[in-house]
K.L.:
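Just dropping this structure here.
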Amino acid sequence: MRGRVVLAGDADMHKASGNFYGGFGLEPAAVAYAQDAADVAAAIRFARENNIEIAVRSGGHSPAGHSLTNGGLILDVSGMDSMDIDLQARTATVGPGRKAGPYGAEAAKHGLITGFGDTGSVAVSGITLAGGAGFLARSHGLAIDSLLEAHVVTASGELLVASDTENPDLFWAIRGGGGNFGVLTQLTFRLHELTTVTGGTFAMPASAAAIRDFAQASADAPRSLSAIAAVMVAPPMPMIPEHLHGTPVLVAFMCDSGDPVKADEVYRPFRELGAGVTDDIAQIPYMGMFHPGPDAGDAPAPVVAIATAMVDSVDSVADAVMDLLAKPMGVMQVFGFRILGGAVADVPHEATAYSHRDKLIMANAAVMVADPSELPAAQATVDGLIDRLGPDQGAYSGFLGAADATGTERAYTPDTWARLREVKRAYDPDNVFHRNHNVVPAS
Ligand SMILES: Cc1cc2nc3c(=O)[nH]c(=O)nc-3n(C[C@H](O)[C@H](O)[C@H](O)COP(=O)(O)OP(=O)(O)OC[C@H]3O[C@@H](n4cnc5c(N)ncnc54)[C@H](O)[C@@H]3O)c2cc1C
């Protein structure tokens, strides 16, 4: 490889094997930093010849710890983060390690954007493999809906192009099917014209009624508005009004990419929700929606128990969320939900492997704990919350944790799951890429 390889016992192995979340107790034998597709192919070949497990890492945000391995090789593509913009074609071609924040900052120089998620440090390849729902989901669709082409190094070390016209089955599968089919080494996205949005942080005291009312108002809003809400005991964060710190709060990041003249009308139902409602919503550059995350290495990585579901309503869980906040466990508890529909639901279900386009809400419950020994109790709590959302729920693979036994199949409808297994058999019959929400090859 041209890139560097860090081995167990090297002084910087601790840092090299650190991810956004911690507490997985996984210690790799090596971390290989690929610089290009040839490095990726070399690492895959080496791992296969020596029967070593591979975990692929771009931005390191896997809540399941899938970009780590115990005794295996982390194939890290974070350094492959180039970005080329073709202004004429309105496309951006990036390396897999490009983070959503730097992607957006570069595109914004030209008044252009592609929507990923709500966090600038998530890598574009990791989020795209999951689907990618963010501030522009209802107006512009998921990240995968702007993906035009990807380069994929397969388990055999071959470099393939995946697009509507080349290897379309592979292109279908990587848009939501996770890292099961190979390593993405380059992605090309459509860019959309967008400079400013009317957005910011909305906050109100949390109650079961507030959760239900906010969800209803979000669902009733025009598709220019995407809202990402979190219900929690408010930490002392600058974006949350000080008088709410330490109290149960519903805080939402809201982004309206429609006509600014109509924005007051869009936000009116939210501002009418009740006493204590407050916001800093204004016309801001799109990238102003992103808040800086903690600097890597500043603090120990949080240890998280997480559960997730795709549903049509959060009404049935609202009381239980308030009960959890009244008797908090762990370091922090969050119930998050985002209303989808809009452009997400415009794309036919069978067009991509992300298959729950008809589900209106992506929900997740998370409890951060100080020590991994607290995980089983925390996991039982978040599982219990998500169970209350009812039996007929899907899941979003991007928010699935390691402890979710049925999660991978819940992430896909039965027809998508069967098709994913066929594509897996075609491109990775030996299941070399199994550190992911694993699609078992069809037999
Ligand atoms: C703080 C936070 C905020 C988030 N916000 C959002 C959001 O707003 N919207 C949303 O949709 N999702 C969101 N997510 C979920 C996120 O999209 C997924 O966890 C995603 O997989 C992270 O990608 P990554 O590259 O950063 O992580 P990694 O841990 O590096 O990758 C995750 C997995 O993806 C696969 N993978 C990554 N890169 C490649 C590659 N180049 N080739 C093949 N396989 C690869 C591997 O299986 C790997 O285990 C968030 C997650 C966190 C932790």
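Basis for what follows: all heavy atoms, side chains included, without hydrogens, waters or symmetry-related copies. One-based numbering, in listed order, for ligands and for the atoms of each. Just so it is clear, the model here is predicted, and its values are computed rather than measured.
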K.L.:
Parallel, tilted or perpendicular: which fits the ring planes of Phe290 and Tyr286, with parallel below 30° and perpendicular above 60°?
P.N.:
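Because their plane-to-plane angle is over 60°, the rings of Phe290 and Tyr286 count as perpendicular.
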K.L.:
List ligand 1 atoms under 4.0 Å from Val183, heavy atoms only on the residue side.
P.N.:
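So the answer, numbered in order with elements, is 42 (N), 43 (C).
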K.L.:
Could you go through Thr93 and Asp86, starting from their C-alpha distance and side-chain angles, then the distance that decides it, and tell me whether this counts as side-chain contact (heavy atoms from CB on, under 4.5 Å)?
P.N.:
CA-CA 8 Å; Thr93 297; Asp86 182 334; over 6 Å; no
K.L.:
Counting N and O atoms only, with roles assigned by atom type, does the side chain of Glu166 sit under 3.5 Å from a partner on the main chain of Ser163, one being a donor and the other an acceptor?
P.N.:
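Answer holds: no.
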K.L.:
Cationic tip of Arg175 within the cone over Phe171's six-membered ring, i.e. under 6.0 Å and within 45° of the normal?
P.N.:
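Yes, a cation-pi geometry.
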K.L.:
Just heavy atoms, cut-off under 4.0 Å: does Leu129 contact ligand 1 by side chain, backbone, both, or neither?
P.N.:
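For Leu129, the contact with ligand 1 is made by the side chain alone.
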K.L.:
Is Arg419 salt-bridged to Glu422, cutoff N-O under 4.0 Å?
P.N.:
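No.
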K.L.:
For a side-chain hydrogen bond (donor to acceptor under 3.5 Å, both in side chains) check, start with the C-alpha distance between Thr114 and His192, then their side-chain angles and the critical distance, and finish with the verdict.
P.N.:
CA-CA 6 Å; Thr114 306; His192 307 271; 5.5 Å; no
K.L.:
Could you check atom 48 (C) of ligand 1 against the protein and tell me its nearest heavy-atom contact, residue, atom and distance included?
P.N.:
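Sorting protein heavy atoms by distance from atom 48 (C) of ligand 1 puts Val56 O, 3.2 Å first.
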K.L.:
Before accepting this row, confirm whether a basic side-chain N of the pair Asp430/Arg48 lies closer than 4.0 Å to the acidic partner's carboxylate O.
P.N.:
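A salt bridge links Asp430 with Arg48.
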K.L.:
Need the ligand 1 atom indices (1-based, order shown) with element for anything under 4.0 Å from a heavy-atom of Pro96.
P.N.:
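Reading through ligand 1 atom by atom, the close ones are 41 (N).
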K.L.:
Once the angle between the rings of Phe202 and Phe270 is folded into 0 to 90°, is it parallel (under 30°), tilted (30 to 60°) or perpendicular (over 60°)?
P.N.:
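The arrangement is perpendicular - the two ring planes meet at more than 60°.
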K.L.:
side-chain contact (heavy atoms from CB on, under 4.5 Å) for Arg357 and Asp145? Distances and angles first, verdict last.
P.N.:
CA-CA 12 Å; Arg357 290 180 181 272; Asp145 300 329; 2.8 Å; yes
K.L.:
Considering only the protein, which heavy-atom contact is closest to atom 22 (C) of ligand 1, and what is its distance?
P.N.:
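Answer for atom 22 (C) of ligand 1: His61 CB, 3.8 Å.
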K.L.:
Do Thr198 and Val266 have side-chain heavy atoms sitting under 4.5 Å apart?
P.N.:
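A side-chain contact is absent here, since even the closest heavy-atom pair is not under 4.5 Å.
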K.L.:
Taking 4.0 Å as the limit for heavy-atom contacts, which would you say applies to Tyr21 with ligand 1: side chain only, backbone only, both, or neither?
P.N.:
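The part of Tyr21 near ligand 1 is the side chain, not the backbone.
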K.L.:
Among all protein non-hydrogen atoms, which one is nearest to atom 32 (C) of ligand 1, and what is the separation to 0.1 Å?
P.N.:
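For this ligand atom, the closest protein heavy atom is Ser62 CB, 3.8 Å.
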K.L.:
Can you confirm whether more than 12 heavy atoms, excluding those of Arg388, are under 6.0 Å from its CZ atom?
P.N.:
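No, because the 6.0 Å sphere around CZ of Arg388 holds 12 heavy atoms or fewer from other groups.
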K.L.:
Judging by distance only, is a nitrogen or oxygen of Asn19 under 3.5 angstrom from one on ligand 1?
P.N.:
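No: no nitrogen or oxygen of Asn19 is under 3.5 Å from one in ligand 1.
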K.L.:
Is ligand 1 less than 4.0 angstrom away from at least one heavy atom of Pro63?
P.N.:
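Judged by the 4.0 Å heavy-atom criterion, Pro63 does count as contacting ligand 1.
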K.L.:
Is there side-chain contact between Phe433 and Ile44, with at least one heavy-atom pair below 4.5 Å?
P.N.:
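Answer yes - side chains close enough.
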K.L.:
Show which atoms of ligand 1 fall inside a sub-4.0 Å distance from at least one heavy-atom site of His66.
P.N.:
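Matching atoms, with element in brackets: 49 (O).
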K.L.:
Evaluate Ser67 for polar contact with ligand 1, using N/O atom pairs at a separation under 3.5 Å.
P.N.:
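Yes: some nitrogen or oxygen of Ser67 is under 3.5 Å from one in ligand 1.
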K.L.:
Using a strict 4.0 Å cut-off to heavy atoms of Asp118, name the atoms of ligand 1 that fall inside it.
P.N.:
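Matching atoms, with element in brackets: 3 (C), 4 (C), 5 (N), 6 (C), 7 (C), 8 (O).
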K.L.:
Considering non-hydrogen atoms of the protein only, which is the closest contact for atom 25 (O) of ligand 1, and what is the distance?
P.N.:
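Going by distance alone, atom 25 (O) of ligand 1 is nearest to Gly59 N, 2.9 Å.
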K.L.:
Determine yes or no for a side-chain-to-main-chain donor-acceptor pair under 3.5 angstrom, with Arg138 supplying the side chain and Leu340 the backbone.
P.N.:
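Side chain of Arg138 to backbone of Leu340, a donor-acceptor pair under 3.5 Å: yes, one is there.
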K.L.:
Which residue and atom name correspond to the protein heavy atom nearest atom 43 (C) of ligand 1, and how close is it?
P.N.:
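Here the nearest protein heavy atom works out to Gly182 O, 3.2 Å.
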K.L.:
Specify whether Trp417 and Tyr412 have parallel, tilted or perpendicular ring planes, treating 30° as the upper limit for parallel and 60° as the lower limit for perpendicular.
P.N.:
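It falls in the parallel class, under 30°.
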K.L.:
What protein heavy atom sits nearest atom 15 (C) of ligand 1, and how far away is it?
P.N.:
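For atom 15 (C) of ligand 1, the nearest protein heavy atom comes out as Gly398 O, 3.4 Å.
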K.L.:
Would Ala133 count as a contact residue for ligand 1, given that I'm defining contact as a non-hydrogen atom of the residue lying under 4.0 Å from a ligand atom?
P.N.:
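Yes; Ala133 lies near enough to ligand 1 that a heavy-atom distance drops under 4.0 Å.
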K.L.:
Could you check which of Phe253, Tyr396, Phe433, Phe399 puts a non-hydrogen atom nearest to atom 50 (C) of ligand 1?
P.N.:
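Answer by nearest heavy atom: Phe399.
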K.L.:
Before accepting this row, confirm whether a basic side-chain N of the pair Lys359/Asp392 lies closer than 4.0 Å to the acidic partner's carboxylate O.
P.N.:
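Salt bridge present between Lys359 and Asp392.
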K.L.:
Taking the basic N atoms (NZ, or NE/NH1/NH2) and the acidic carboxylate oxygens, is any pair closer than 4.0 Å for Arg4 and Asp12?
P.N.:
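Looking at Arg4 and Asp12, the cut-off is met.
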K.L.:
Note the single closest protein heavy atom to atom 21 (O) of ligand 1, along with its residue, its atom name and the distance in Å.
P.N.:
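The closest one turns out to be Gly126 O, 3.4 Å.
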K.L.:
Asn436 heavy atoms, cut-off 4.0 Å: which ligand 1 atoms fall inside?
P.N.:
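So the answer, numbered in order with elements, is 47 (O).
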K.L.:
Just heavy atoms, cut-off under 4.0 Å: does Arg338 contact ligand 1 by side chain, backbone, both, or neither?
P.N.:
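For Arg338, only side-chain atoms sit under 4.0 Å from ligand 1.
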K.L.:
Report the part of Thr119 (side chain from C-beta onward, or backbone N, CA, C, O) that has a heavy atom under 4.0 Å from ligand 1; answer both or neither where that applies.
P.N.:
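Near ligand 1, Thr119 shows its side chain, while the N, CA, C and O stay back.
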K.L.:
Of the side chain and backbone of Ala130, name the one, both, or neither that has a heavy atom under 4.0 Å from an atom of ligand 1.
P.N.:
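It is neither; nothing of Ala130 touches ligand 1.
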K.L.:
Under 3.5 Å, N or O to N or O, is Gly117 touching ligand 1 that way?
P.N.:
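For ligand 1, there is no N or O atom that lies under 3.5 Å from one belonging to Gly117.
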K.L.:
Would Arg2 and Asp36 pass as an ion pair if we require N to O under 4.0 Å?
P.N.:
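So Arg2 pairs with Asp36 through a salt bridge.
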K.L.:
Backbone, side chain, both or neither: what part of Phe116 comes under 4.0 angstrom of ligand 1, heavy atoms only?
P.N.:
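Looking at Phe116 and ligand 1, no heavy atom falls under 4.0 Å.
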K.L.:
Tell me whether ligand 1 is touched by Gly178 - counting only heavy atoms on the residue side and a distance under 4.0 Å.
P.N.:
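No, that is not the case, since the closest heavy atom of the residue is not under 4.0 Å from the ligand.
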K.L.:
Under 4.0 Å from a heavy atom of Arg57: give me the atoms of ligand 1 that qualify, with their elements.
P.N.:
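Answer, ordered by atom number: 30 (O).
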K.L.:
Give the atom numbers and elements of ligand 1 that come within less than 4.0 Å of a heavy atom of Arg435.
P.N.:
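This gives 47 (O), 49 (O) as the contact atoms.
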K.L.:
Looking at atom 42 (N) of ligand 1, what's its closest protein heavy atom, distance included?
P.N.:
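For this ligand atom, the closest protein heavy atom is Leu184 N, 2.9 Å.
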K.L.:
Near Gly179, which atoms of ligand 1 are under 4.0 Å from a heavy atom of that residue?
P.N.:
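Close to Gly179: 44 (N).
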